[in-house]
Amino acid sequence: MPSEQPAWVLTRRELIGARIRDARLLANLSQLELGNRAGVDHKTIHRIEYGASDPGLGLLLQIARAVDVPLAELVR
């Protein structure tokens with residue numbers, strides 16, 4: 001059974017989610033459009049943007065490509 005994540009991890013996840021949301025808005029995409037481009041449901045995008053989901057590297061790469069922003073920019 002995995003242990004609970006420390007508070008700083010949750011804080012960073014929320015910060016990364018906010019960067020993804022900002023990049024999506026700058027790309028003039030809705031959550032539905034970003035989800036379609038990244039190959040996931042728009043609800044998944046919502047959970048990532050608000051720090052409720054812990055996306056894997058593959059999904060983060062797909063999102064970065066969909067909003068045309070380097071992954072490093074989203075996770076810095």
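Note: hydrogens, waters and symmetry copies are ignored here, and every other heavy atom, side chains too, is used. Residue indices begin at 1 and follow the sequence shown.
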Check: So Ile20 and Val67, side chain to side chain contact (heavy atoms under 4.5 Å, CB included) or not? Walk me through it.
Finding: CA-CA 8 Å; Ile20 290 170; Val67 296; 5.9 Å; no
Margin query: Evaluate Thr44 against Leu59 for side chain to side chain contact (heavy atoms under 4.5 Å, CB included), listing each step before the verdict.
Written below: CA-CA 10 Å; Thr44 300; Leu59 180 51; 4.1 Å; yes
Next item on the list: Take Ile63 and Val40 through the side chain to side chain contact (heavy atoms under 4.5 Å, CB included) test and state the conclusion after the steps.
Entry: CA-CA 10 Å; Ile63 290 170; Val40 296; 5.9 Å; no
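For the atom pair CG of Asn36 and CG of Asp41, the computed distance is 9.0 Å after rounding to the nearest 0.5 Å. Rounding to the nearest 0.5 Å places CZ of Arg37 at 9.0 Å from CG of Asp68. The CZ atom of Arg24 sits 7.5 Å away from the CG atom of Leu29 when rounded to the nearest 0.5 Å. Within the model, atoms CD of Gln62 and CG of Leu34 stand 10.0 Å from one another, a figure rounded to the nearest 0.5 Å. Taking CG of Asp54 as the reference point, atom CD of Gln5 lies at 5.0 Å (rounded to 0.5 Å). In this structure, Gln31 CD and Ile48 CD1 are separated by 10.0 Å, a value rounded to the nearest 0.5 Å.
Tracing side-chain contacts under 4.5 Å through hydrophobic residues (I, L, V, M, F, W, Y), one never reaches Leu15 starting from Trp8; they form parts of separate clusters. At a threshold of 4.5 Å between side-chain heavy atoms, the hydrophobic network of Ile, Leu, Val, Met, Phe, Trp and Tyr places Ile45 and Leu71 in one connected group. Taking hydrophobic clusters as Ile, Leu, Val, Met, Phe, Trp and Tyr residues chained together by side-chain heavy-atom distances below 4.5 Å, Val75 shares a cluster with Val69.
The main-chain N or O of Pro55 is never found under 3.5 Å from a side-chain atom of Arg13 such that the two would form a donor-acceptor pair. Panel note: side chain Glu73, backbone Pro70; no donor-acceptor pair is recorded below 3.5 Å.
Counted within 6.0 Å of CZ on Arg21, heavy atoms from surrounding residues, nucleotides or ligands total more than 12; the atom is thus considered enclosed.
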